[in-house]
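Worth knowing before you read on, the calculation uses all heavy atoms, side chains too, and leaves out hydrogens, waters and symmetry mates.
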Amino acid sequence: MTDEKLDQILKQALAPEIDDREIWVHERRKGKMRKYGIIGKIGKAAAAAVAVAVIGIGVLGYVNPALAAKIPVIGKIFEKVEDDITYSGDYANKETVLTNEDHAGNLDTSDYSVSDKGITLTASEIYCDGYSIFFTVNIEAKEADFTHIPEHYTGMSAADNRTAAGFYIGGTWNIDGNSPEWLENTFEGKVIDSHTFVGMLKVNLTEKAVGSGRLNLNINGLGYDDDRMLDSEEISASHWTEGNWNLVLPFEVNETDVKTIEVGEKKGNITLENVVVSPYQVIVHATTPGERRELTDDRREKLLSKDPNMTDAEMFELLGWSYEPCHTICFNQDGEMLYSDMEMAGRAGFAVQGKEIKTLYIFIFDNFDDWTQMESEGMNSSVVDKAIIAKEIHVE
């Protein structure tokens with residue numbers, strides 16, 4: 001995606017809340033994020049939310065540190081953040097609790113807690129729908145002041161009044177020792193006190209998981225923005241710490257309320273393979289010639305041996321392959337547009353955010369400008385006939 005296209009998204013997604021200066025701030029910030037490997041294949045709506053994260057929308061509310069010490073947090077993080085994060089919803093009875101905390105702040109296990117450079121990261125809960133892993137963490141740093149982390153919008157617009165604080169993460173992940181993938185998202189959550197942040201991270205699996213497995217996290221950096229430094233040159237992850245926080249998290253695929261609707265419709269160069277509906281996300285699998293599935297693990301490993309920081313997009317460019325994703329937009333039976341969080345080659349992700357999903361209306365464009373016009377005008381947009389694929393999917 002070009003910078004010009006990203007600017008267009010930002011202006012349309014948040015106008016009039018976001019002005020040219022704020023977009024300029026975001027442009028400076030993108031370079032810093034790429035340096036740390038934070039920006040990868042980021043989605044359109046997510047890009048808008050990132051921009052707001054830089055700007056900040058007010059002072060964070062947090063509880064008294066002494067009071068926080070008496071209230072167990074770890075083991076109940078989903079409960080604290082599930083209403084405000086992008087992939088919101090009721091996680092009760094779906095997650096697996098990894099670590100519990102008593103009223104004295106003691107943990108019942110140390111298997112999922114690691115410390116380095118004065119920062120302790122403790123994994124709390126985990127959930128997997130087979131396509132993504134959602135897990136929560138408690139981040140604690142005695143020398144930090146998290147109260148200046150700005151919040152960002154996690155709803156479709158500012159009117160939704162949904163915001164969360166963000167915490168950056170750098171490094172790689174893999175499942176059961178397979179080829180590593182870059183960590184691309186950020187923790188979304190809340191500041192508990194000046195030294196404590198709780199949040200959730202979503203990891204999109206490259207292949208569907210079945211049964212159980214182990215998520216290996218090799219974290220080499222943690223950081224956060226500071227609303228007191230928005231006018232400085234170093235505005236992205238202005239508090240960034242490099243270190244080693246390695247965790248192995250067991251997970252069990254929970255297929256409750258997860259549906260896969262096979263489609264197999266091909267028009268032009270685009271094939272709508274299937275649609276997955278889980279409690280927290282909708283995934284549209286659509287492929288075009290030269291997609292990511294042709295990049296085998298062996299080929300990726302060879303390329304990474306030459307340059308360990310090479311992204312998949314850079315690998316495709318080196319190989320002369322196309323890596324341009326489709327431009328997908330999704331509505332439910334009430335005409336409500338689903339929050340588009342990430343689109344990469346072969347896969348478009350949407351957050352359910354508590355919306356009822358009985359029927360889905362999916363539109364796939366090969367022209368970015370048409371996508372942005374429908375995003376602005378809604379399901380009855382004047383460009384509806386320009387969609388390469390327009391499909392009605394009955395979920396119930």
Side-chain angles (χ1 to χ4, degrees), residues 25-42 46 50 53-54 110-124 133 135-150 152 164-174 177 179-189 191-204 215-230 232-249 300-301 303-314:
V25 170
H26 172 68
E27 288 300 314
R28 292 196 301 164
R29 182 173 184 265
K30 281 196 304 180
K32 184 77 173 295
M33 292 180 77
R34 288 195 180 99
K35 173 183 177 182
Y36 293 126
I38 296 168
I39 280 189
K41 298 173 283 294
I42 190 167
V50 167
V54 180
S110 60
D111 294 341
Y112 310 117
S113 186
V114 290
S115 298
D116 193 24
K117 302 298 178 62
I119 301 176
T120 298
L121 189 151
T122 301
S124 178
I133 294 176
F135 68 95
T136 63
V137 298
N138 182 90
I139 300 175
E140 187 172 288
K142 295 299 184 184
E143 302 301 321
D145 181 2
F146 294 156
T147 61
H148 290 279
I149 299 177
H152 62 276
F167 211 104
Y168 303 121
I169 179 173
T172 61
W173 64 271
N174 70 75
S179 298
E181 299 280 342
W182 292 109
L183 287 163
E184 294 172 343
N185 294 330
T186 63
F187 290 112
E188 283 189 333
V191 173
I192 300 300
D193 58 47
S194 58
H195 308 303
T196 310
F197 172 91
V198 295
M200 187 201 80
L201 182 74
K202 176 175 177 279
V203 171
N204 295 316
L215 171 65
N216 299 289
L217 295 168
N218 299 299
I219 300 168
N220 58 29
L222 294 168
Y224 54 95
D225 286 326
D226 190 320
D227 60 17
R228 298 167 297 183
M229 302 178 69
L230 298 182
S232 67
E233 290 297 324
E234 299 296 323
I235 59 175
S236 174
S238 47
H239 296 279
W240 180 263
T241 302
E242 295 183 354
N244 291 287
W245 299 268
N246 299 324
L247 288 168
V248 179
L249 309 181
R300 180 183 285 107
E301 288 178 4
L303 292 171
L304 287 175
S305 67
K306 299 177 181 179
D307 181 0
N309 295 318
M310 188 179 297
T311 66
D312 279 6
E314 291 169 337

Partners meeting ring-ring contact (aromatic ring centres under 6.0 Å, His included) with Phe197 (sequence neighbours left out): Phe167

Heavy-atom closest contact (Asn185 atom, Ile169 atom, distance): O-CG2, 3.4 Å

Straight-line distance of Asp145 CG to Tyr224 OH, nearest 0.5 Å: 7.0 Å

Distance in Å, Thr147 OG1 paired with Asp227 CG, rounded so as to fall on 0.5 Å steps: 8.0 Å

Positive for side-chain contact (heavy atoms from CB on, under 4.5 Å) with Ile133, one of Leu249, Asn204, Leu215: Leu215

Beyond-backbone contact of Val203 with Phe135, side-chain heavy atoms, under 4.5 angstrom: yes

Spacing of Trp182 atom CH2 and Asn218 atom CG [to the nearest 0.5 Å]: 10.5 Å

Under 3.5 Å: donor-acceptor pair, side chain of Trp245, backbone of Ile119: yes

Non-neighbouring partners of Asn244 that pass side-chain hydrogen bond (donor to acceptor under 3.5 Å, both in side chains), sequence neighbours left out: none

Nearest-0.5 Å distance that lies between atom CG in Leu183 and atom CG in Leu217: 6.0 Å

Val137 and Leu201, any side-chain heavy atoms less than 4.5 Å apart: no

Backbone N/O of Gly118 and side chain of Lys142: donor-acceptor pair under 3.5 Å: no

Spatial distance of atom NE2 (His195) from atom CD (Glu140) [nearest 0.5 Å]: 8.5 Å

Non-neighbouring partners of Ser124 that pass side-chain contact (heavy atoms from CB on, under 4.5 Å), sequence neighbours left out: Ile74, Ile77, Thr136

Whether His152 side chain and Ala164 backbone form a donor-acceptor pair below 3.5 Å: yes

side-chain hydrogen bond (donor to acceptor under 3.5 Å, both in side chains) involving Asn174 - partner list, sequence neighbours excluded: Asn216

Derivation of the side-chain contact (heavy atoms from CB on, under 4.5 Å) call for Val191 and Thr196: CA-CA 6 Å; Val191 173; Thr196 310; over 6 Å; no

Partners passing side-chain contact (heavy atoms from CB on, under 4.5 Å) against Ser113 (at least two apart in sequence or in another chain): Leu107, Thr120, Thr122

Sidechain-backbone polar pair: His239 side chain, Gly223 backbone, donor-acceptor under 3.5 Å: no

Approximate separation, where rounding is to 0.5 Å, of Asp116 CG and Glu242 CD: 11.0 Å

